[in-house]
Amino acid sequence: MKNQNMTYMDSVHRDGRIWNLSVMVVLLAFPIVLCVLFGALPNWTGVIKGLIATAPMYWAVGVVETITYIPMLGAGGSYLSFVTGNISNLKLPCALNALENAEVKAQSEDGEIISTVAIAVSSIVTTLIIILGVILIVPLNPILSAPVIKPAFDQMLPALFGALGVVFVSKNIKLAAAPVALMLLAFVFVPALNAGTVGIMVPVGVVFTLIYARILYKKNWI
Amino acid sequence: MEFHVNHPILFVLVGIVVAVVLAQSVYFLVKAIRRAKEKGMDMTKIKKTIRSAAIFTVAPAVSIVIAVISLSQSLGIALPWLRLSVVGSLSYEAIAAANAASGMGKTLGEFAGNMDASSYITITIVMTLSIMVGIWLVPVLGKKIQGGLVSFEKKDAKWSGLLQNALFIGMISAFVGYVFCDLSRLWTSENGIFTNSKGESFTSTSGLVPVLVMVVSALIMAVCGLLMKKLKWKWLSDYALPISMVLGMVAALPLTSWLGGAIV
């Protein structure tokens, strides 16, 4: 039954909650069904030791990532992206590019629609390509694992952020100058910062830029 | 039932989970398009968004297939297929699986070819629980955060616009910085060879490869922007990002053979 008083945004949140919680149940059911089908139990020591080694960091990063990315992805985009994953290397750049091309504001309802469409299409195409890859894994393996093409896929992120960066930085030179300079110096001179820690640096970059933007705004410099 | 990492039943179960996730994407796509029609939005914008999102996704999706292949050596194909279709990414999944294996006193490589059901389930549980935060936290926080942003927009539209740009720039600046992370190999190498803490060796100039790849793709994107502006090639806007990204990736091939990379 459709509630006539419900706005589009309200219905996105209601449906998103139902979908995400359902996916969560399905995901948790997967190992339980395996236990029943194969008549086996997990190695509980392995589970506990594995979780102690992995979960605290992943959960902390997960919480910070969720708070950082929700404002950028929009409502529908957030529910979808946190289920299908690959946010910073795929879903968010895809949504940013779509918003830029459609010339709509991210916080408007049009922006919400455009980012949801972009992220949904991207998720569908990704899922289908992975299915195709799984079906064709035997013939594809030697091609995709060939050392000749490996450097191209190793450099996907620099290629993506070069193209995306030039658009956003050139349009916001004043706002981008300090954060880009800070991150550049940090990544060049702090050895601990590398491919494995870039995810942690995203919230740092975001918080720094927000404070910097606020100062520029208050002083009427922007 | 005798267990095997590539047992057909695993593919059926993963297929069901992936179908649910696919259904969610289709549901939200249809919902957004319906709303766009209802409010009389320009449908050519929606069509352009669909086309450009689909084209842009191909190269990153192929890199995810490569990740499935690399994880499949020890875990079979079904589990990496599940993990990289729902939430996961290669770096997270590889570490979670390795930690679960070491919790059982083994390395992941030692399981290759002789994984039993119990170990497989153990690894599945650790991988699943570790990456689950976003799925339940978005339903908890999503409405509050979005609501806060909308009220910002009403109170002070200029600051709200600036805030949105600041979020995007903050994210992009972290990745631009990351591109330069191996540049210091230029001055920290000995005899032209850099060795990291894991004992892996690289050429001293290898850190320039990502920087130059970024420059190439940024230049191509800038040229696309000029063509759109000066020659009014509006159609190019759908393809500018994927073209620049793929050509940047292609440029990595000669750049890597010139400047070098990992030394094996």
Side-chain angles (χ1 to χ4, degrees), chain A residues 13 17 19 24 31 38 40 42-43 46 49-50 53-54 58 62 66 70 75 78 82 85 90 97-98 101-102 106-107 113 116-118 120-126 129 133-134 144 151-153 155 158-163 166 176 179-180 183 187-188 194 198 201-202 205-206 209-210 213, chain B residues 3 22 24-25 28-29 32 36 45 49-50 53-54 57 60-61 63 65-66 81 87 96 99-100 103-104 117-118 121-122 124-126 130 133-135 137-139 143 145-146 153 164 166 169-170 173-175 177-181 210 213-214 217-218 221 237 241 244-245 248-249 252 256:
Chain A
H13 286 295
R17 283 172 176 168
W19 271 106
M24 200 172 113
F38 292 104
N43 175 335
K49 281 188 179 168
T54 318
Y58 280 25
T66 311
I70 287 176
S78 295
F82 281 96
L90 178 51
N97 188 44
N101 284 342
Q107 284 313 315
I113 290 170
T116 305
V117 168
V121 168
S122 181
S123 302
I124 294 167
V125 172
T126 309
I129 289 181
V134 166
L144 292 178
F153 285 97
Q155 302 303 337
L160 168 57
F161 281 93
V166 75
V180 168
M183 285 296 153
F187 273 93
V188 170
N194 51 42
V198 62
M201 290 307 281
V202 171
V206 166
T209 315
L210 282 177
Chain B
F3 177 81
L22 201 56
Q24 181 182 9
S25 303
F28 273 93
L29 177 65
K45 265 188 192 175
T49 302
I50 293 175
T57 302
S63 81
V65 172
I66 294 175
W81 173 28
V87 200
N99 284 343
M104 291 182 281
S118 170
I121 294 165
T122 306
T124 306
I125 293 175
V126 172
S130 297
V133 176
I135 293 190
L137 200 58
V138 175
K143 198 171 182 180
I145 295 179
Q146 289 292 337
E153 169 81 23
Q164 196 70 45
I169 296 283
S173 68
F175 280 94
Y178 146 76
V179 169
F180 291 80
C181 73
V213 165
M214 186 177 79
S217 79
M221 191 72 176
S237 69
L241 184 61
S244 310
M245 181 173 73
M249 288 165 68
T256 307

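Per chain, numbering begins at 1; letters A, B, ... match sequence-line order.
Interface remark: of the candidates V180(A), N194(A), T116(A), V117(A), V117(A) forms the most heavy-atom pairs closer than 4.5 Å to chain B. Interface summary for chain B: among G85(A), G50(A), A53(A), P158(A), the most heavy-atom pairs under 4.5 angstrom belong to P158(A). For chain B, the option among P179(A), A40(A), A159(A) with the highest count of heavy-atom pairs below 4.5 Å is A159(A). Top candidate by heavy-atom pairs under 4.5 Å with chain A, chosen from G177(B), A53(B), S244(B), is G177(B). For the set A102(A), A98(A), A176(A), the entry with the most heavy-atom pairs within less than 4.5 Å of chain B is A102(A). Contact count against chain A (heavy-atom pairs under 4.5 Å) is highest for A61(B) among A61(B), G248(B), A117(B), A100(B).
The shortest side-chain heavy-atom distance between F28(B) and W19(A) falls under the 4.5 Å cut-off. The closest side-chain heavy-atom distance from V198(A) to F175(B) is below 4.5 Å.
Between S78(A) atom OG and L137(B) atom CG the span is 11.0 Å, to the nearest 0.5 Å. Atoms CZ and OG, from F161(A) and S217(B) in turn, are 11.0 Å apart once rounded to the nearest 0.5 Å. One finds the CD1 atom of I70(A) at 13.5 Å from the NZ atom of K143(B) (value rounded to the nearest 0.5 Å).
Listed here is the closest heavy atom pair of V65(B) and G133(A): CG1-CA, 3.9 Å. The two residues G170(B) and T209(A) have their closest heavy-atom pair at CA-OG1, 3.2 Å. Summarising the geometry of S130(B) relative to Y58(A), their closest heavy-atom pair is O-CB, 3.4 Å, with the distance given to 0.1 Å. Contact record, A252(B) with A152(A): CB-CA, 4.1 Å, taken as the closest heavy-atom pair. For V166(A) against A218(B), the heavy-atom pair with the smallest separation is CG1-O, 3.7 Å. For the pair V121(A) and A54(B), the tightest heavy-atom approach, listed with the atom from each and the gap, is CG1-N, 3.8 Å.
Using a 4.5 Å cut-off between heavy atoms, Q24(B) contacts chain A through both its backbone and its side chain. For chain A, the nearby parts of S63(B) are the backbone and the side chain; heavy atoms of each come within less than 4.5 Å. In this structure, the portions of S237(B) lying under 4.5 Å from any heavy atom of chain A include both its backbone and its side chain. When heavy atoms are compared at a cutoff of 4.5 Å, I145(B) approaches chain A solely by way of its side chain, counted from C-beta outward.
The neighbour count for K45(B) NZ, taken as heavy atoms of other residues, nucleotides or ligands under 6.0 Å away, is above 12.
Checked by atom type, the side-chain pair T126(A)/T57(B) shows no donor-acceptor distance below 3.5 Å. In this structure, a donor-acceptor pair under 3.5 Å is absent between the side chains of T122(B) and N43(A).
Not one N or O on the side chain of Q146(B) forms a donor-acceptor pair closer than 3.5 Å with the backbone of H13(A). Judged by distance alone, the side chain of T66(A) and the main-chain N or O of V138(B) form no donor-acceptor pair under 3.5 Å.
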Hey, mind stepping through F187(A) and F180(B) against ring-ring contact (aromatic ring centres under 6.0 Å, His included) and telling me if it holds?
-> CA-CA 6 Å; F187(A) 273 93; F180(B) 291 80; 9.4 Å; no
Check the pair F153(A) / M249(B) against side-chain contact (heavy atoms from CB on, under 4.5 Å), numbers first and verdict last.
-> CA-CA 7 Å; F153(A) 285 97; M249(B) 288 165 68; 3.7 Å; yes
Would M214(B) and Q155(A) count as a side-chain contact (heavy atoms from CB on, under 4.5 Å) if you check the C-alpha gap in whole Å, the side-chain angles of each, and the deciding distance to 0.1 Å?
-> CA-CA 9 Å; M214(B) 186 177 79; Q155(A) 302 303 337; over 6 Å; no
List the steps and the verdict of side-chain contact (heavy atoms from CB on, under 4.5 Å) for N101(A) and T49(B).
-> CA-CA 8 Å; N101(A) 284 342; T49(B) 302; over 6 Å; no
